[in-house]
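Residues: numbered from 1 along the sequence shown. Bear in mind that the values here come from a model prediction, so they are computed numbers and not experimental data.
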Amino acid sequence: MQIEITSRHAEISDRVKEYLKEKVEKLSRYYPNIVNCQVVLDRQKEGEMVEVNLHISGKNFITKVTTDNLIKSIDTAIDKIEVQLKKFKEKRYEK
């Protein structure tokens, strides 16, 4: 899986990038055929925003989360993508 991390309006530490990569790589246990994942980290007036675009063959999953803490935003966004992947997998293999 190819992981692309983009940062806007702030520099992101290597520790946060490694944490994010670990979380994204764990998504492959829910659906192993993930093509790539694009993550945008943005510091806004409202707080820390994380946008995750996950691409599998034939389907895209997108979520956007804004909280006061970057790690909390990452965790919440990954949790939302997990739910979307689980629902997709259940529908696809339900037949």
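- For Phe88, the ring pair (Phe, Tyr, Trp, His ring centres under 6.0 Å) partners at least two apart in sequence or on another chain are Tyr31, Phe61.
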Verdict with supporting geometry, Met49 and Lys64, side-chain contact (heavy atoms from CB on, under 4.5 Å): CA-CA 7 Å; Met49 189 271 297; Lys64 212 183 248 191; 3.6 Å; yes

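- Under the 4.5 Å side-chain heavy-atom criterion for ILVMFWY residues, a single connected hydrophobic cluster contains both Ile3 and Leu20.
- Applying the salt bridge (Lys or Arg N to Asp or Glu O under 4.0 Å) test to pairs two or more places apart or on separate chains, those with a residue in residues 11-25 are Lys23-Asp75.
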Applying side-chain contact (heavy atoms from CB on, under 4.5 Å), run through Arg8 and Arg43 and close with a yes or a no. CA-CA 7 Å; Arg8 293 187 202 146; Arg43 181 167 289 147; over 6 Å; no

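- Between atom NZ of residue Lys59 and atom CG of residue Leu85 there is a gap of 10.5 Å, rounded to the nearest 0.5 Å.
- At distances below 3.5 Å, not a single donor-acceptor pair connects side-chain atoms of Thr63 with backbone N or O atoms of Lys80.
- The nearest pair of heavy atoms linking Met1 to Asn36 is CG-CA, 4.4 Å.
- Of all non-hydrogen atoms in Gln84 and Ile62, the two that sit nearest each other are NE2-O, 3.5 Å.
- Tested against Val50, the residues Thr66, Leu70, Thr76 include a single side-chain contact (heavy atoms from CB on, under 4.5 Å) partner, Leu70.
- Hydrophobic clustering (side-chain heavy atoms under 4.5 Å, transitive across Ile, Leu, Val, Met, Phe, Trp, Tyr) keeps Val83 apart from Leu54.
- In the hydrophobic clustering of ILVMFWY residues, with side-chain heavy atoms under 4.5 Å counting as a link, Leu41 and Val24 come out together.
- Of all heavy-atom pairs between Lys89 and Tyr30, the closest is CD-O, 3.1 Å.
- Atom CG of residue Asn33 and atom OG of residue Ser28 lie 10.0 Å apart, to the nearest 0.5 angstrom.
- When each of Gln2, Glu4, Glu51 is tested with Gln38 by the rule side-chain contact (heavy atoms from CB on, under 4.5 Å), just one qualifies, namely Glu4.
- Contact between Thr67 and Ser73 at its shortest, heavy atoms only, is OG1-OG, 2.5 Å.
- A continuous path of hydrophobic side-chain contacts links Ile74 to Ile12 [ILVMFWY only; heavy atoms under 4.5 Å].
- For the residue pair Glu82 and Leu27, the shortest heavy atom distance occurs at CG-CD2, 3.4 Å.
- The hydrophobic clustering, which links ILVMFWY residues whose side-chain heavy atoms are closer than 4.5 Å, places Ile71 and Val52 together.
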